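The structure displayed is predicted, hence computed values, not measured ones.
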Protein chains: 2
Amino acid sequence: MKPGPATKSSTHAAIEPKRRPTINDVARLANVSKKTVSRVINQSPFVNKETRERIDAVIKDLGYAPDPVARGLASRRSYLVGLIYDNPNPQHVIDTQQGILDIIRGSGLELVVHPCNRRDKDFLAGVRGFIDRQKLAGVVLPSSVSEDDDLVAVLRESETPYVRIASVLLDEPENSIVTNDREGARQAAEHLAGLGHKVIAHVSGPDTFRSSHERRAGFVEGLKAAGLQLDKKLDLRAGYTFQSGVEAGRRLMANQTRPTAVFCGNDEMAAGVCQAIRETGLDICKDISVVGFDDSPLASRLWPALTTVLLPIRSTGRMASVRLLGDRLTKEPLEDDDLGEVHPRLVVRASSGPVTKS
Amino acid sequence: MKPGPATKSSTHAAIEPKRRPTINDVARLANVSKKTVSRVINQSPFVNKETRERIDAVIKDLGYAPDPVARGLASRRSYLVGLIYDNPNPQHVIDTQQGILDIIRGSGLELVVHPCNRRDKDFLAGVRGFIDRQKLAGVVLPSSVSEDDDLVAVLRESETPYVRIASVLLDEPENSIVTNDREGARQAAEHLAGLGHKVIAHVSGPDTFRSSHERRAGFVEGLKAAGLQLDKKLDLRAGYTFQSGVEAGRRLMANQTRPTAVFCGNDEMAAGVCQAIRETGLDICKDISVVGFDDSPLASRLWPALTTVLLPIRSTGRMASVRLLGDRLTKEPLEDDDLGEVHPRLVVRASSGPVTKS
DNA sequence: TCCCTTATTGCCACCGGTGTCAACGCCTGA
DNA sequence: TCAGGCGTTGACACCGGTGGCAATAAGGGA
């Protein structure tokens, strides 16, 4: 095998240990200029069919793959997709991330994750540095940062493509993904009202998140549609965290009129409320129904399993990526809900049931 | 605002909208060659103090930051750290990721996440492509992939620095982080034995993970130390997932001699076992004690809160990064356990208690 | 005083691609 | 026969840094 005419190695002596083939190697072997090779790898239509085939053959033979770093330098655009987030909820991050990866896998693009903290004084400087050092192919902004106007301004200024994921339609529909949290919360309200609950509490997320407002608003709408309204004393603000949910739950339990049902702005807080209920010695569902939001893994692991509103975060990650990079990347046809919009859906489990006389 | 003398732009006419300063700009203004500037940004010791100060001043004045892409091309080393994983457990991923980010934040390095699936036939090709396209500054291999010899071979071949996180000491101590899972499991066994349990079951993770074996082995050791042993019928293999835990739990509940305690290879499975126990109508802790492993967020959200073994995954991510990049990056002193080794610790909560007569 | 070091610095090629634009061959219509 | 147009290709500069090595200045020893 060794002797005889060189199979795929070039004819001249090759002392070098091994080196990734470059565009020059391809050009030489295909007897064209490197510019033409460049055209081929960039799928330019201005290449003769035969030339293209010849080059493709050489590329395949050599196992050539263009160097993303060099391409990045020359074209002033890297082959990296950024995910910028500021999130109290790791599950959200992982899901969005996974959605993006679903789309870019195998495309040569890579995902760079960049957490930040909007309360830091140099938050913007940090993100700005990131953005204009790496000249990202695109950036996905999940709901935790999608409404930060300063951030968006930085992105726009640096001419970096971006897609925003938010609970409501923003001013740039063409690069937004809407999650319609309000719809989901409305379903939760209808569900509880339908079970006969009248005294229903709400534990919402922090004021700084649009989703908190949307979920609360949808819930209030749902109640109203059922002829109910949200008692101020049963309308608590918490922080989207488990611990804040525990505290809110304790306050509810200590309230003079105890609710028969609680709708929480997310599953973490719902788990916290469940804990508070149990501390009181009451039963979830039998005594007090609890409904969460997100359908995080936690929801199905609790006992009784949590009734919640499924928010397909991973899908939003996928949709955002498609928006960002075009659908040329997606081999598999996307689920038909790829219209830049996603609809939450109530998942009824065991933590909610009909109101019982007491 | 448009008219008027340019504020901070250079004196000559600047038609260009705005452009990031380059090393050339710095060199020109500091009156040195760009090579010298390069030396300064790379902290070369062979630069005259005054020259360095002059250049630093210009850099600061201009707000110059070197382009990582260009640097990557020239030096054949990118400024990206890779995290390669193949993990059934998102929480693990998020924690490791966060640990790495703790260290590289603000250093100019960025984190690229690259999931893979070791059962795919082209798994290795995919990872190899990733690795030698991006010439990573370093790669962190969490336990899910750290013992894949093929993968490690690829890394070594491409001369990419890497650190492996594993449950036991590997053959390359200098670039490994050890989690000592065995110790943790032993503590769990001692805990349960100390509570008087004799009939103790174990639900372990999949055969393909070293950690499954280590945790099981540590558990068996602990039992043995207490004069107990693991009944074959109570020694179940599951898959580290919630669902597999439910199924294992159901099998245990159906077993002729029901255990009074169960130690699970991770919290997810423990949650599954809890569910199975409840389905049977039994009480966790009172009837059957359950102990998990990981101390994931789930553990404290369950009711009763899960006794488990805390495994500081985030710390391992931090330690791995330090190993990889040296401690020059870490502003804050690292916790003193930075010896390439981490020790699990039992966290007693409410899911385990003394054995009760029945 | 001269040669050899050591400390600093600059020159220039190069990393592996892309952008710009000119050039070439061939066909068409005048 | 010739200008013009289309399809295709290549030459060359350039992206923004780093590597290798020579050049230069200053200091020390013989």
Side-chain angles (χ1 to χ4, degrees), chain A residues 16 19-56 58-59 62-80 108 132-137 158-159, chain B residues 16 18-56 58-59 62-80 108 129 132-137 158-159:
Chain A
E16 338 201 347
R19 192 177 50 85
R20 287 190 55 192
T22 74
I23 198 172
N24 290 304
D25 300 324
V26 177
R28 185 161 16 84
L29 268 63
N31 223 331
V32 292
S33 73
K34 59 188 215 178
K35 180 65 214 188
T36 301
V37 177
S38 169
R39 288 194 183 94
V40 169
I41 54 188
N42 288 293
Q43 319 205 54
S44 156
F46 306 115
V47 180
N48 183 284
K49 189 150 176 279
E50 290 162 24
T51 312
R52 177 191 307 281
E53 284 165 0
R54 182 154 38 94
I55 295 176
D56 277 335
V58 174
I59 287 177
L62 245 44
Y64 167 75
D67 180 334
V69 178
R71 291 227 270 182
L73 178 57
S75 64
R76 299 148 158 294
R77 193 90 346 224
S78 78
Y79 286 72
L80 300 173
D132 46 48
R133 264 198 318 271
Q134 319 290 335
K135 302 143 195 161
L136 303 166
S158 71
E159 298 178 341
Chain B
E16 342 202 345
K18 64 192 161 285
R19 193 177 49 84
R20 289 191 50 189
T22 74
I23 197 173
N24 290 303
D25 300 326
V26 177
R28 184 161 19 82
L29 266 64
N31 224 330
V32 293
S33 74
K34 58 189 216 176
K35 179 67 210 190
T36 301
V37 178
S38 169
R39 287 193 183 92
V40 170
I41 55 188
N42 288 293
Q43 318 204 55
S44 155
F46 306 115
V47 180
N48 183 285
K49 186 149 175 283
E50 289 164 23
T51 313
R52 177 190 307 281
E53 284 167 359
R54 183 155 36 94
I55 294 176
D56 276 336
V58 174
I59 286 178
L62 245 43
Y64 167 76
D67 181 334
V69 177
R71 290 226 272 181
L73 178 58
S75 64
R76 301 148 155 293
R77 232 350 104 208
S78 78
Y79 286 73
L80 301 173
D132 46 45
R133 265 198 317 273
Q134 317 291 335
K135 302 138 192 163
L136 302 167
S158 70
E159 299 179 338

Distance in angstrom units between R52(A) CZ and dT9(D) C1', rounded: 13 Å

Summary of salt bridge (charged side-chain N to carboxylate O under 4.0 Å, His left out) pairs that have at least one residue in residues 38-51 of chain A, sequence neighbours excluded: K49(A)-E53(A)

Pairing residues for A137(B) by the side chain to side chain contact (heavy atoms under 4.5 Å, CB included) criterion, not counting sequence neighbours: none

Degree of bending, the helix from dT1(C)-dA30(D) to dA30(C)-dT1(D) (end axes from five pairs; round to 10°): 60°

T51(A) vs dT8(D): side-chain N/O to OP1/OP2 distance below 4.0 Å: no

With sequence neighbours excluded, residues passing side chain to side chain contact (heavy atoms under 4.5 Å, CB included) with S75(A): R77(A)

Contact list for residues 62-71 of chain A, test salt bridge (charged side-chain N to carboxylate O under 4.0 Å, His left out), sequence neighbours left out: D67(A)-K135(B)

Residues that R20(A) engages under side chain to side chain contact (heavy atoms under 4.5 Å, CB included), provided they are two or more places apart: A65(A), D132(B), R133(B)

Nucleic acid footprint by protein, nucleotides 13-21 of chain C - heavy-atom cut-off 4.0 Å, B for base, S for sugar-phosphate alone: --BBBBBB-

Residue list, side-chain hydrogen bond (donor to acceptor under 3.5 Å, both in side chains) with S78(A), at least two apart or on another chain: none

Rounded distance in Å - CZ (R54(B)) to P (dT8(C)): 13 Å

Pairing residues for V37(B) by the side chain to side chain contact (heavy atoms under 4.5 Å, CB included) criterion, not counting sequence neighbours: I23(B), V26(B), A27(B), V32(B), I55(B)

Residue-phosphate contact under 4.0 Å: T36(A) side-chain N/O, dG10(D) OP1/OP2: yes

Heavy-atom side-chain contact between N42(B) and S38(B) under 4.5 Å: yes

Interatomic distance where CD1 belongs to I55(B) and P belongs to dG17(D) [whole Å]: 13 Å

